[in-house]
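Below is one structure, written out as structure tokens; comments come after it.
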Amino acid sequence: MGKEIGITVKKTEDFSEWYTQTVIKSELVDYAPVKGLIVLRPDGYSIWESIKSSLDTKFAATGHRNGFLPTLIPESLLSKEKDHFAGFNPEVFWVTKSGDGDLGDRLALRPTSETLAYTLFSKWIRSWRDLPLKINFWNTALRAEIKATKPFLRTSEFLWQEGHTVHMDKEEAEKEVTDILALYKKTVEEELAIPVITGKKSEKEKFVGAVYTLTMESLMPDGKALQMGTSHFLGQNFSKPFDVKFADKENIESYAWQTSWGVSWRLIGGMIMIHGDDKGLVLPPRVAPIQVIIIPIYYSDEDKEKIQKVSQEIEEKLKIEKIRVQVDNREQLTPGFKFNDWEMKGIPLRIEIGPKDLEQNKVTFARRHNRQKDDQEIEGLVNRVLTELDKIHDDMFADAGKILEEKTVEVSNYDDFKTELEKGRLIKAPICNNPECEEKIKEETSADVRVITDDAEDTNSKCIKCSDQSVIKPLFARGY
RNA sequence: GGGAGCGUGGUCUAGCUUGGUAUGAUUCUGCGUUUGGGACGCAGAGAUCGCGUGUUCGAAUCACGCCGCUCCCA
């Protein structure tokens, strides 16, 4: 047993090392020559493309269109909204030179595009007939992460999409914010098999410059919460400084109501952490670059010819159904090696075809997520592969949901809060109206309010920090 | 912000205390035998030992400086 190749640590024993080894060895990413930056390899990019394509379909159906913005933003624009600027400034990369010459106005490598997009929106929008304006940008954002970098979770440049919409009134804008969060939740559940909890961010944790932020959160196996996507109601906070105005039906000039929202490749990080195991990646079928890997097994030239023919026939049939399938014909490797190799890469379904199977007109299915194997008739195989892939997705989602449920607990005092936190739980705990309590809890435990769910109101308990009457019961955890 | 560890063929690594031809495995290439849970034989390829300066007849090894990476804690 060559334990030294493959992942050398257990997920439960050294999570951080496990994560790094898994993303590198499965060939999703590699480190770039600059600290804090990573390179997406084809398998990693393929997963991102699946997420992108799923979101694009939904965006199109809801009337959003894609555009493209440049990477450089002049300082004068970025600093127009003061809170926003103060929030981002510490991690902005600045371009100050071209060649050896100094530039006039410093240029920021976009940490986010609100200021740039809204400068343009103010030009494009004149009348209520121009609204709603719904644009999405697939691009990257740059935020300097000097320490504590981790592939997909904390890097100085990351792939994401940022949507920006402009509306005539508050109600329509707020509906957009809610609709987008629901769209995100559906995508994450149906593509990545990740269960999430949705709700609002606290005042302290909301997006700088927003009126409020909606979020979806999930809990990672190391007990840290991961923010998987956010949707911001910007109110008129940006339309005023950026002059995003329109003439309404009575020809009265009004400031527009805006939203912005985004998900990033963090989703991929979350997916890896939640589903992976000691053997490496476990990919949900709908985003797996290869969904089905076929391993031919033979002992004689005669068998070889027969089995390769059957493998190819099955491959072709699966391809007709748009299943991403590949036959592993590498001759220098034994089946055992290939099994381990594809398991490390997380391929959801493996089909083994050998002489024993063919004698009975069967093949062997081996599932990655639960490592179960069984025989399948070749007759009607394509349909069974399709069903199996759906079932694998459902199983993975159900398993992850069960774990999230088990790890979500409720406490009523600070001691229990700290105990549960050490166990890596997502903790529901009552707090009062005073923002200082939230602040102190974060200082003392490093846990913060992750999400305030719709049913979080609670006026019958005592604040875990100061014992005053509570107002809400949000979910706390340490975060990524 | 604080701390710890590490940098030697593509990858992992020995050597460093006590300066003198850089160790082994894996990988890769070719040929042959193999193939139902990480096969084997033979032949071959691959390294300015992170960078710089110093000490020395001689530096992977000693000294100083720099750069980079990983992990832990706030």
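Convention: sequence-line order gives letters A, B, ...; per-chain numbering from 1.
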Think A:Lys206 forms a cation-pi with A:Tyr212, using NZ or CZ under 6.0 Å from the six-ring centre and within 45 degrees of its axis?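 Ring-cation test returns no.
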Paired with B:A60: which nucleotide, if any, by Watson-Crick or G-U wobble criteria at under 3.5 Å for both distances?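 Pairing partner, where one exists within any strand: none, as none qualifies.
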Encode nucleotides 5-12 of chain B as B, S and - characters from 5' to 3', where the letter depends on protein heavy atoms closer than 4.0 Å: B to the base, S only to sugar-phosphate, - to neither. --------
Does OP1 or OP2 of B:A39 have a side-chain N or O of A:Thr334 closer than 4.0 Å?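 Yes, such a contact exists.
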For a quick check of understanding: with a heavy-atom distance under 4.0 Å over all strands, which category does [X] fall into, base, sugar-phosphate or nothing?
{"X": "A:Pro296", "value": "nothing"}
{"X": "A:Leu333", "value": "base"}
{"X": "A:Arg330", "value": "nothing"}

Between protein and nucleic acid, restricted to nucleotides 66-74 of chain B and to nitrogen or oxygen atoms under 3.5 Å apart, what atom pairs and distances do you find?
from: B:C69; atom 1: OP1; to: A:Lys35; atom 2: N; distance (Å): 2.8
from: B:U70; atom 1: OP1; to: A:Tyr31; atom 2: OH; distance (Å): 3.3
from: B:C71; atom 1: OP1; to: A:Thr20; atom 2: OG1; distance (Å): 3.0
from: B:C72; atom 1: OP1; to: A:Ser16; atom 2: OG; distance (Å): 3.3

Sequence neighbours excluded, which residues qualify as side-chain hydrogen bond (donor to acceptor under 3.5 Å, both in side chains) partners of [X]?
{"X": "A:Thr187", "value": "A:Lys58"}
{"X": "A:Thr149", "value": "none"}
{"X": "A:Thr112", "value": "A:Glu114"}
{"X": "A:Asp105", "value": "A:Ser76"}

Atom pair distance, as rounded to whole Å: CG in A:Asp375 and C1' in B:G36: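 Nearest whole value for this atom pair: 12 Å.
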Between residues 264-276 of chain A and RNA chain B, which residues have a heavy-atom gap below 4.0 Å?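 The answer is none.
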Contacts of [X] that satisfy salt bridge (charged side-chain N to carboxylate O under 4.0 Å, His left out) - sequence neighbours left out:
{"X": "A:Lys423", "value": "A:Glu420"}
{"X": "A:Lys11", "value": "none"}
{"X": "A:Glu410", "value": "A:Lys473"}
{"X": "A:Asp374", "value": "A:Arg367"}

Pairs satisfying salt bridge (charged side-chain N to carboxylate O under 4.0 Å, His left out), at least one member in residues 354-363 of chain A, at least two apart: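 For residues 354-363 of chain A, and leaving out neighbouring residues, there are no salt bridge (charged side-chain N to carboxylate O under 4.0 Å, His left out) pairs at all.
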